[in-house]
Amino acid sequence: MILGALEGGGTKMVCAVGDETGRIREQVSIPTRTPEETMPAMIDYFRDKGISALGIATFGPIDVHRDSPDYGKVLNTPKLPWQNFNIVKPFEEALGVPVGFDTDVNGSCLGEVTYGAARGLDCVVYFTIGTGIGAGIYINGKLAHGMLHPEAGYILLRVSPKDPAGSICPFHDCCFEGLASGPSIEKRWGAGAKELKDRMEVWDLESEYIAQAMVDVIMTLSPQRIILGGGVMHQQQLFPSIRAKVTRMLNGYLQTRELSDMEHYIVPASLHDDQGIMGAIRIAEMALQGQ
Ligand code: ADP
């Protein structure tokens, strides 16, 4: 079966064709400009590929509720040309196949659950820590939507007394994204995150914020595994430090098999940065199955 996948990002739209095993046969990147420019290019790409369904995993906020009049729309995104644009309808009309639609991070979470580090589990949280921070949540065997969809990149944290700069978020003075995204690290320490690799204090503070967020998620959602992806998490030295701080912050309150094996509990993304596009393949398959 041939399935189409679209991972929508602020700088590029990754369009791919694959099959239900998650194998990507081919993919292209199309720059994210205005919908008027970018949509026809994406539709042209998919038009003659013989796909049975399309899965879209995109930046948000978006309306993912099928019974809503705004279903398929990108909502109040800072990417202004896309505000209120319905990204689903033009594909349905032009391609005549079922189209599934979810957030980029829910897509990545689903990719890991279906093909990667969280196979076989039914409560999983995926965080991307990159230009922004976002979370995909898979709970009781389904992606979480709720009133909109989770926006766990904006959970509020306690600002560390060791933090020389604080949050860069225009909305919140202590949210996870404002304190721990790539641009926040770069503004605080005055250099690219990659160039800061050997500065211990950078990763000590970063792991402190990530650990706080992990504890909040552990206490609220009780995930069986947490997966951390995104550019910043390429700093592999963060993992041991996050795990140790989470254990310290939990302070023995929870005793579970999962938490006693931290190395398999808080883990890196496993699909070589293809988790988003592979998740979109699975979203396409689910759309075909009417899920
Ligand atoms: P996006 O979030 O835009 O989809 P990424 O997940 O690659 O893309 O995140 C980009 C951010 O991650 C930038 O702020 C960049 O500085 C940071 N980043 C990318 N690679 C690394 C790395 N190897 N180490 C630390 N930070 C990185």
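Note that ligands are numbered from 1 as they come in the structure, with each ligand's atoms numbered from 1 the same way.
Between Phe176 and Phe127, the gap from one ring centroid to the other is short of 6.0 Å.
Counting only residues at least two apart or on different chains, no salt bridge (Lys or Arg N to Asp or Glu O under 4.0 Å) pair has a member in residues 52-67.
Using a 4.0 Å cut-off between a side-chain N of Lys or Arg and a carboxylate O of Asp or Glu, Arg282 and Glu285 qualify as a salt bridge. Of the charged side-chain nitrogens involved, none lies within less than 4.0 Å of a carboxylate oxygen, so that Lys142 and Asp122 do not count as a salt-bridged pair.
Scored by the salt bridge (charged side-chain N to carboxylate O under 4.0 Å, His left out) test, Asp70 finds Lys73 as partners (sequence neighbours excluded). In terms of the side-chain contact (heavy atoms from CB on, under 4.5 Å) criterion, residue partners of Glu151 (sequence neighbours excluded) are, by chain and number, Pro61, His149, Tyr154.
Protein residues with any heavy atom under 4.0 Å from ligand 1: Gly130, Thr131, Gly182, Pro183, Glu186, Ala193, Lys194, Gly230, Gly231, Val232, His234, Gln235.
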